[in-house]
Q: 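For reference, the structure I am asking about is given below.
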Amino acid sequence: MRHFLSSCILILLVWSCKNEPEKQMLNIKEKGFIAHKAMVVSAREEASKIGSDIMQQGGNAFDAMMATEMALAVAYPYAGNLGGGGFLVYRLADGTKGALDYREKAPLASEKNMYLDENGDIIQNKSTVGGMAVGVPGTIAGIFEAQKRFGKLDVATILAPVIELAKNGYIITKNQEKRIAGYDSMFKAVNLKEIPYNNKLKAGDRMINNPLAATLQRIANHGRDEFYNGETAKKLVEFLQANGSIITLEDLAKYEAKWRDPIVFEYDDLTITSMSPPSSGGICLNQIMIMAQPFDLKDYGHNSLKYIQVLVEAEKRAYADRSYYLGDPDFVDIPVKTLTSEAYLNNRMEDFSFSEPTSVDSLSHGNIIGYESNETTHYSIVDQFGNAIAVTTTLNGGYGSKLYANELGFFLNNEMDDFSSKPGEPNYYGLIGAEANSIEPEKRMLSSMTPTIVEKDGEFYMSVGTPGGSTIITSVLQTILNVHEFEMNMQEAVNAPRFHNQWLPDEIRMEPNAFDKKLIQQLQNLGYNINETRSPIIGIVDGILQLEDGTYEGGADKRGDDTAVGF
Ligand code: DON
């Protein structure tokens, strides 16, 4: 009998695996990891686990932020970093909301035309690889500022497991092997020697980083100033200058993370809190959602023709505004109130029609080539005290400028490319900018990062964000709508196929083989250009959703190695 039962179970298991597509057709929900009290969802299991353990030791979301962010710097050097920057959006248990900007800054010696040659043309690669591409890093200032204001544990306790991770190593995944091999020749070209990340690393290998363990130990001993004024600062500046950077000790000493008022707006019964400038994320998300709100998205259906048309046209208008108006608020006046007002946005959609696309030239001009990847990283955390955070952090490109400080154990960003090097010329993400995002000493470059917290009826509902350069905003948008309009759970919402429009280039990017051919034909018949080849995936979204019974569901995007851990 026992034999018979186990055979039946085996047959059922085989059957259910074989019938995966049917399962989807029957619409059986893919549910994410459930936790009762606290959770971290991030790009690496090791980082989620270290963050979760810190909360289990009595730490809160801000302690877990420091631990998770540093663990990502160890185990996900593609985007996790000490040499980059990021943004935090938080909601405390009492409902207070806020944002922290630890975006990189242009060095003091920067000049508006530093990436142009004598003819005024862009010098290829100068803003994307090597020392000249590096902005003054903000990550250490950011995690210390957040932890100092809201954390509960001491820094040495928080960093101890991260240092252990660096010393004991982590296992290289298949995805990492592929990425590292892909960048191998660039690493060699930029660093002029072999670095520990090279094409000899294979999936299953253990990667130990003793120099990074030592850097983190010094930071644990001496605090934030170790990175900005101490021995690490000296070593870093020496290394950077030897590699053509204009960053000085004064640049590091002057760096401060800044508390900002986040962008807060209502959509139906949701209150959405997202990142303010110098990120464009919050304003663009606000604009797109308010432009889309009068339409009956739910009735149109998920990823239906009309749904795609409304979102694409709203996105087009928001990205056109982005490129003209947005930049570092410490340097430029941004008409935030007008840009996000209902009157302005309704007016903006006045020429929208279901019968044809609005021409991009009637919104503004430009001629660009851009492409996409997922080289930033996002994590979401909720703690057992009721606090929630959304954090997106980046080196910009994969492994940033590819410049690797061997002695310190980390990569440096290439965030300077997020400035508009020349008005009207596209950057790495195909985004074009204007005066508002031109280079000035100490200015922060415009970002698209969109760490976002959603409340429903005044209670915490969701924490969400993603990498993906210019596609970050539209991926966050679709994830929120997937849950709110189409009643998906968190895991389904992050897994669902995504599309993207950013005004220029004049095309809808779609994840390949994820959309119905007939639908694509219908869009083309209407006059839309469809590009299914540019982005193999759009975003790697991580999120946490509070369910009706008060538990949390993690959504760890199937597109990466992302994992939810909690208790
Ligand atoms: O801040 C930004 O918008 C970009 N530096 C983000 C880069 C990113 O998402 C990389 N992944 N594609």
Side-chain angles (χ1 to χ4, degrees), residues 41-44 72 76 78-81 84-87 89 103 128 175 179 274-275 279-285 288 311-312 315 318-319 322-323 368 370-380 390-400 413-415 417-418 426-431 445-452 463-482 493-505 507-512 514-515 531-543 555-562:
V41 192
S42 82
R44 285 289 301 209
L72 286 168
Y76 194 64
Y78 186 56
N81 66 82
F87 298 111
V89 170
R103 182 73 162 163
T128 53
N175 282 334
R179 279 196 296 259
S274 192
M275 194 60 216
S279 181
S280 61
I283 290 183
C284 290
L285 184 67
I288 298 165
L311 258 51
V312 161
E315 288 167 5
Y319 277 81
R322 176 198 195 277
S323 78
I368 67 170
Y371 61 96
E372 205 42 65
S373 50
N374 292 282
E375 298 144 342
T376 295
T377 191
H378 173 84
Y379 56 93
S380 284
V391 182
T392 313
T393 179
T394 191
L395 288 164
N396 192 26
Y399 308 100
N413 71 80
N414 61 348
E415 218 73 60
D417 188 62
D418 273 351
N427 74 353
Y428 180 75
Y429 299 106
L431 291 166
M445 51 299 277
L446 184 61
S447 171
S448 301
M449 292 191 281
T450 315
T452 299
S463 165
V464 65
T466 182
S470 56
T471 68
I472 290 175
I473 301 163
T474 58
S475 296
V476 169
L477 163 79
Q478 289 168 79
T479 309
I480 296 171
L481 293 175
N482 286 348
V494 306
N495 284 354
R498 291 190 275 268
F499 58 91
H500 169 76
N501 178 278
Q502 60 180 49
W503 172 47
L504 293 168
E507 64 184 21
I508 306 177
R509 272 182 234 174
M510 298 180 118
E511 289 186 306
F515 291 82
N531 190 335
E532 276 191 290
T533 56
R534 193 163 308 236
S535 310
I537 57 169
I538 297 181
I540 304 179
V541 180
D542 282 342
D557 202 321
K558 64 173 183 187
R559 294 165 180 82
D561 295 328
D562 302 46

Q: Kindly compute the distance separating OG1 (Thr466) from CE (Met449), expressed to the nearest 0.5 Å.
A: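 Atom-to-atom, Thr466:OG1 and Met449:CE are 11.5 Å apart.
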Q: Flag the pair Tyr319 / Leu504 as yes when at least one side-chain heavy-atom distance between them is below 4.5 Å, and no otherwise.
A: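 They are not in contact (no side-chain heavy atoms under 4.5 Å apart), so the answer is no.
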Q: Any donor and acceptor pair, going by atom type alone, linking the side chain of Thr393 with main-chain N or O of Gly85 inside 3.5 Å?
A: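 Confirmed, Thr393 side chain pairs with Gly85 backbone.
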Q: Begin with the C-alpha distance, continue with both residues' side-chain angles, and end with the deciding distance and a verdict on side chain to side chain contact (heavy atoms under 4.5 Å, CB included) for Ile480 and Leu285.
A: CA-CA 10 Å; Ile480 296 171; Leu285 184 67; 4.3 Å; yes
Q: Using only heavy-atom distances, determine whether the side chains of Ser448 and Arg322 contain a donor-acceptor pair under 3.5 Å.
A: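 Yes, side-chain donor-acceptor contact under 3.5 Å.
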Q: Report the distance from atom CE of Met510 to atom CZ of Phe515, rounding to the nearest 0.5 Å.
A: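 With rounding to 0.5 Å, CE (Met510) is 4.5 Å from CZ (Phe515).
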Q: Okay, side chain of Asn81, backbone of Ala79: is any donor-acceptor separation there less than 3.5 Å?
A: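 Between the backbone of Ala79 and the side chain of Asn81 there is a qualifying donor-acceptor contact (under 3.5 Å).
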Q: Taking the side chain as every heavy atom from C-beta outward, state whether His500 and Ser535 have any pair of such atoms under 4.5 Å apart.
A: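 His500 does not reach Ser535 side chain to side chain.
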Q: If every non-hydrogen atom of Gly465 is compared with every non-hydrogen atom of Val476, which pair is closest and at what distance?
A: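 Here Gly465 and Val476 meet closest at CA-CG2, 3.9 Å.
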Q: Closest approach of Glu415 and Leu395, non-hydrogen atoms and distance?
A: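 For Glu415 and Leu395, the tightest heavy-atom pair comes out as OE1-C, 3.6 Å.
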Q: Is a side-chain N or O of Asn501 found less than 3.5 angstrom from the main chain of Glu507, in a donor-acceptor match?
A: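 Indeed, once roles are kept as given, a pair shorter than 3.5 Å links the two residues.
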Q: I'd like to know if the side chain of Asp417 reaches the main chain of Tyr428, judged simply by a donor and an acceptor atom lying under 3.5 Å from each other, with no hydrogens or angles considered.
A: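 Side chain of Asp417 to backbone of Tyr428, a donor-acceptor pair under 3.5 Å: yes, one is there.
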Q: Between the main-chain N or O of Glu511 and the side-chain N or O of Arg498, is there a donor-acceptor pair closer than 3.5 Å?
A: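 Not confirmed, Arg498 side chain does not pair with Glu511 backbone.
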Q: Verify the distance criterion only: is there a donor paired with an acceptor across the side chains of Gln502 and Ser470 at less than 3.5 Å?
A: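 Gln502 vs Ser470: donor-acceptor pair found between side chains.
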Q: Please examine the side chains of Phe87 and Thr392, heavy atoms only from C-beta on, and report whether any two atoms are closer than 4.5 Å.
A: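 Counting from C-beta outward, Thr392 and Phe87 never come under 4.5 Å.
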Q: Starting at CD1 of Ile540, measure out to NE2 of His378 and round the result to the nearest 0.5 Å.
A: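 The distance works out to 12.5 Å.
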Q: Does any part of the side chain of Ile473, heavy atoms only, come nearer than 4.5 Å to the side chain of Ser280, both counted from C-beta?
A: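 Yes, close enough: below the 4.5 Å cut-off.
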Q: Nearest 0.5 angstrom please: Ile288 CD1 to Leu311 CG, how far?
A: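 Output value for this atom pair is 7.5 Å.
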Q: Looking only at atom types and distance, does a side-chain atom of Asn396 sit under 3.5 Å from a main-chain N or O of Asn414, one as donor and one as acceptor?
A: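 Answer holds: yes.
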Q: Calculate, to the nearest 0.5 Å, the distance between atoms CD1 and OG belonging to Ile472 and Ser447 respectively.
A: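 Rounded to the nearest 0.5 Å, the CD1-OG separation comes to 6.0 Å.
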Q: Examine Arg179 relative to Tyr78 and say whether NZ or CZ is less than 6.0 Å from the centre of the six-membered ring and inside a 45° cone about the ring axis.
A: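 Judged by the rule (NZ or CZ under 6.0 Å from the ring centre, within 45° of its axis), Arg179 counts as positioned above Tyr78.
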Q: Would Asp542 and Asp557 count as a side chain to side chain contact (heavy atoms under 4.5 Å, CB included) if you check the C-alpha gap in whole Å, the side-chain angles of each, and the deciding distance to 0.1 Å?
A: CA-CA 6 Å; Asp542 282 342; Asp557 202 321; 4.3 Å; yes
Q: Which heavy atom of Asp418 sits nearest to which heavy atom of Leu446, and what is that distance?
A: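 Heavy-atom minimum between the residues: CB-O, 3.5 Å.
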Q: Check Tyr429 against Arg509 and note the closest heavy-atom contact, atom names and distance.
A: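 Where Tyr429 meets Arg509 most closely, the heavy atoms are O-NH2, 4.3 Å.
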Q: Just how far is it from atom OG1 of Thr474 to atom CD1 of Ile508, taken to the nearest 0.5 Å?
A: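 It comes to 11.5 Å.
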Q: Is a side-chain donor or acceptor of Gln478 paired with a backbone partner of Phe499 at a separation under 3.5 angstrom?
A: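 Yes; judged by distance alone, with no hydrogens or angles, the pair exists.
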Q: For Ser380 and Gly543, which heavy atoms make the closest approach, and how far apart are they?
A: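 Reported closest heavy-atom pair: OG-CA, 4.1 Å.
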Q: With no hydrogens and no angle check, is any side-chain donor or acceptor of Arg559 less than 3.5 Å from a backbone partner on Val494?
A: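 Such a contact is found between Arg559 side chain and Val494 backbone.
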Q: Please name the pair of heavy atoms, one in Ser475 and one in Ile538, separated by the smallest distance, quoted to 0.1 Å.
A: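 What the structure gives for the nearest pair is OG-CG2, 3.5 Å.
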